[in-house]
**Student:** 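Before we start, here is the structure in question, set down as C-alpha cells.
Residue numbers begin at 1 in each chain, while the letters A, B, ... track the order of the sequences.
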There are 2 protein chains.
Amino acid sequence: MADKVTITDVARAAGVSRQTVSNTLNSPEVVRDETRRHVLEVIARLGYRANQAARQMRTGRSRLIAIRIDPGGDGINGSVLDRFLHGLTESAARAGYRILLYTAHDDRSEIATFEDLIASYEPDAFVLTATHHDDLRTSWLLERRVPFVAFGRPWSDLPRTQHPWVDVDGAAGTAAATRHLLAAGHRRVGFVGWPPGSGVGDDRRAGWERTLAEHGLRPDDLHRAGEDGIATGESAARDLLGAGATALVCASDSLALGALNVAGPGVAVTGFDDTPVAGAIGLTSVHQPLGEAAAACVALLTRALDSAEPPATHMLLQPSLTIRRSA
Amino acid sequence: MADKVTITDVARAAGVSRQTVSNTLNSPEVVRDETRRHVLEVIARLGYRANQAARQMRTGRSRLIAIRIDPGGDGINGSVLDRFLHGLTESAARAGYRILLYTAHDDRSEIATFEDLIASYEPDAFVLTATHHDDLRTSWLLERRVPFVAFGRPWSDLPRTQHPWVDVDGAAGTAAATRHLLAAGHRRVGFVGWPPGSGVGDDRRAGWERTLAEHGLRPDDLHRAGEDGIATGESAARDLLGAGATALVCASDSLALGALNVAGPGVAVTGFDDTPVAGAIGLTSVHQPLGEAAAACVALLTRALDSAEPPATHMLLQPSLTIRRSA
DNA sequence: AGGCATGATTTGATCGTTCAAATTGCAGGA
DNA sequence: TCCTGCAATTTGAACGATCAAATCATGCCT
C-alpha cells in the first residue's frame, strides 16, 4: 500500500523522541505545551496514524468487538439483527472500536470460534445475540473472564447466568399494543404467541395478560401458541376469531401476517419487531429501538473496558408502537 | 484472558527452535517428518494458535477483509445485503480471513474510513457494495493499489472503472420472469422499473425487452419508471393495466408489492430479489444466489492475495426464478 | 558554588511471529 | 582421512508501538 508513516518518522521530523510523540497522543499532559503543539502539527502534516497491530502487541488490546452474524435473510424477522448490527458498528466506531464478524450454527461451534478468535485476533469483547435457555456461551465466557454483553436477557436466576445484558422490554411492547386495541373499543383481545418456555415469548404474553387484567378483563383462553410462522398465525387467528376475539396481539410479524391473511374487516391485528414486511403490508407493530440497544451494548462494554467506573450490569429499553392500517 | 501459549512455549516443550515450530506450520516441507510430527503433537497438546498481531507486524498481512454495512432495515430490499454479508463471513472464514465492518454515508466519508482502516488495521482487501455511476471509491482504491472486489458491475468502459467484480445477471433474471409469463399465456407483458441511467435498472429492463423481441412481440410502450417504492409500483401498474397489460415484470420486490396492491385476479406480477416480503405475500420473484456471490468475491480476493495465478477479473452469476402464487 | 528536587525528555526493552543468514551434522566422493 | 555439498536446524533481527527506567536541564535552597 502507500508508504507507511511510523512514529519514528514523526519523531525524526519533529526533532523529538518516539516517546514524546506517543505521549503527545496518549498522555498529552506530560508534554510541554509548545512541544505538544509542534508534534501535533507534524503528525497532521505527515498523516500519521498508529499501527494497531503494534499497539496491540504491547498493550494487549485489539479494540475489536466480535459478534456472530446469522443467515436471517430467509426469515421475516431477520432484519432485526441487521439494524442492530449497523447500529453496533456505528456506535463502536464512535468509541474507537471496530466490529469483527463470525458465523456459527450452534453453541459448541460458536465456542470453538471464540477459542480461535481469542487466540488469533484477541477481540476485547463479544456481543452475544439470540441468547436462550441453557446457553453454553455465557458460562464459558464468564468462566474465562472474557468481556461480553448479551443483547437479550438471561431468563434464569441461576448465578452462572448473571452477566451484562441489554434488552428491549417485550412485555411493555405487547402491553402498549393491547392498550391501543382496548382504546379502539375492542374488548375481546386475543394473543398469538409461541409455546411456553421461551423467555421472550412468555414475556410478550405477560404484557398482554397483565394489561387485560388491569382493565378488569380476563384472558378467557383467548391465546394460542405455536412455532413462529405465517401458518401458525393463520390457524391461531382462525381459532381465536371463532372463539369471539375481535382483535389480536401477535408475538411476531410473521404470526401477525398469518393472522392478517385470515382476519376480515373490523378485525384488528398487531405484530412485533416492526419489520419491513410490517411496513409493506400496513401492519401495526411493536418497534424496538435497535440503534439505541446497540449504543447501550457499546456503552456497557466500553465502561467495563475503558473506564474506572464499576461496570453497569444491564439496560432494559422501552419499545414503541408503530400504528398502521391493520390496527 | 486465559494464559497465552506462544511459539516460544511450544519450542521449549518440543525441544526445538522457534523457527522449527513456525516451519512446521507454515513450511512443513523443510522440516524432517519425525520432527514435524513431534512438534504438531506438542502444538495440539498445548492448544497453540498463532497471534495474529505478531504475524501481521512481520508479514504485513492482517487476514482481514473490510466491508461497509448499510442501515437497510427500513427497506424491503435490505435483506439482500445481509444474506450476502453472512455468506461473505462464512466464505472468508473458510479461506482463513475475518470480516471487519464499517459504516459510511457517502463516498467521501467512506474514503476517509478507508484511510483510517488502512493505517490502523491494514485490512488485506475491501469488498465494495452499492457501486454506482461516478463512484469515487473504485478509482481511489485502484490508484493506491488497495486490493478490492465490487459486488456489482461497473457500468462504464472507462479505464478507471476496470476493476474486479462479481455480479448476478439481472437481465437474465427479468428474461426468465418474462419467459415464465409468456409460457403462461400472457402476450401483453409490461415492465415496471427505475428511471434510465441506473446500470442495474437498465440491465433488468433489457432482459424484459430482449425476451419480448425474441418472441416476436414489441414492448409497445408497456413500461413505466419511477423511484423504487410501493407507491411507484402502484401507479405504474395502474397505468400499464389501463394500457392493456395482463402481466407485469418488476425491477424490485418493492415495485412488485405496489403492483400487486393494484392488480386484480388474473393479473400476474413478478418481482426481483426474492426478499422475505416476497415470501410473505406469495410473490414470484427473481432469486439472486447471494451465498454464491459472496463465495465468488472471496475467491477473487484470495486468488489475488494468496495465489501465484493471475487474478480473475470478474464473475457474472445466474439467478433463478422463485415461483409463487402471484405468477 | 554545590546539591537536591522535579519536570521534561530520551532510550533500551518488550510484545510474538517471521525472515534470513548462520550453523550443524551427516553422507558421499576423492 | 579429508573435503564438499546439502538438509535440517538455530538464532539474531525486524516489524511499530508502548512501557518504564534513565537521563537531562533548570530552578531553588543552603
**Student:** Ignoring backbone atoms, establish whether T20(B) has a side-chain N or O less than 4.0 Å from OP1 or OP2 of dT10(D).
**Tutor:** yes

**Student:** Assuming nearest nucleotide by heavy-atom distance, tell me which of T6(A) and V16(B) is located more 5' along DNA chain D.
**Tutor:**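 Upstream on the strand: V16(B).
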
**Student:** Just checking T59(B): base, sugar-phosphate only, or nothing, at a heavy-atom cut-off of under 4.0 Å?
**Tutor:** sugar-phosphate

**Student:** I'd like to know if Q52(A) reaches the base of dA17(D) with its side chain, counting only an N/O donor and acceptor under 3.5 Å.
**Tutor:** no

**Student:** Would a 4.5 Å heavy-atom cut-off, applied to side chains only, mark V127(A) and F84(A) as touching?
**Tutor:** yes

**Student:** To the nearest Å, how far apart are R55(B) CZ and dG16(D) C1'?
**Tutor:**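 Taking CZ of R55(B) and C1' of dG16(D), I get 18 Å after rounding.
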
**Student:** Can L142(A) and F148(A) be said to form a side chain to side chain contact (heavy atoms under 4.5 Å, CB included), step by step?
**Tutor:** CA-CA 9 Å; L142(A) 286 167; F148(A) 75 97; 3.9 Å; yes

**Student:** Quick check for you: among dT9(D), dT18(C), dG16(C), whose closest atom lies nearest to any side-chain atom of V31(B)?
**Tutor:**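 Closest of the options to the side chain of V31(B): dT9(D).
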
**Student:** Test for a donor-acceptor pair under 3.5 Å between the base of dT17(C) and the side chain of R58(B), counting only N and O atoms.
**Tutor:** no

**Student:** Does the plane of the ring in F114(A) sit parallel, tilted or perpendicular to the ring in Y102(A)? Use 30° and 60° as the thresholds.
**Tutor:** perpendicular

**Student:** Just how far, in rounded Å, is P of dT9(C) from CG of N26(A)?
**Tutor:**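 Rounded to whole Å, this separation is 16 Å.
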
**Student:** Let's test your reading of the model: under 3.5 Å, does the base of dA17(D) pair with the side chain of Q56(A) as donor and acceptor?
**Tutor:**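 Flag unset: no donor-acceptor pair detected.
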
**Student:** Salt bridge or not for R45(B) and E41(B), using N-O below 4.0 Å?
**Tutor:** yes

**Student:** With a cut-off of less than 4.0 Å, is there a side-chain N or O of R32(A) near OP1 or OP2 of dT9(C)?
**Tutor:**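 The answer is yes; a side-chain N or O of R32(A) sits under 4.0 Å from OP1 or OP2.
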
**Student:** Using atom CZ of R18(A) as one end and atom P of dT11(C) as the other, report the distance to the nearest whole Å.
**Tutor:**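 Taking atom P of dT11(C) as the reference, CZ of R18(A) is at 8 Å.
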
**Student:** Does any N or O in the side chain of Q56(A) come within less than 3.5 Å of the main-chain N or O of Y121(A), such that one atom is a donor and the other an acceptor?
**Tutor:**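 Yes; at least one donor-acceptor contact below 3.5 Å.
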
**Student:** For R12(A) and dA17(D), give me the distance from atom CZ to atom P, rounded to whole Å.
**Tutor:**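 One finds 12 Å between P of dA17(D) and CZ of R12(A), rounded.
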
**Student:** Rounded to whole angstrom units, what separation is found between the CD atom of E122(A) and the P atom of dC15(C)?
**Tutor:** 13 Å

**Student:** Does dT18(D) have OP1 or OP2 under 4.0 Å away from a side-chain N or O of S22(A)?
**Tutor:** yes

**Student:** Would you kindly give the CD-to-C1' distance between Q19(A) and dA22(D), to the nearest whole Å?
**Tutor:** 13 Å

**Student:** Rounding to an integer number of Å, can you tell me how far R36(A) CZ sits from dT9(C) C1'?
**Tutor:**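 The distance from CZ of R36(A) to C1' of dT9(C) comes to 15 Å, rounded to the nearest Å.
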
**Student:** Taking only side-chain nitrogens and oxygens of Y48(A), does any of them come within less than 4.0 Å of OP1 or OP2 of dA17(D)?
**Tutor:**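 Yes, within the criterion.
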
**Student:** Would you say N23(B) reaches dT9(D)'s phosphate, i.e. side-chain N/O to OP1/OP2 under 4.0 Å?
**Tutor:**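 Indeed not, no polar side-chain atom of N23(B) lies that close.
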
**Student:** dA13(C) C1' sits how many Å from M57(A) CE, rounded?
**Tutor:**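 M57(A) atom CE is separated from dA13(C) atom C1' by 13 Å.
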
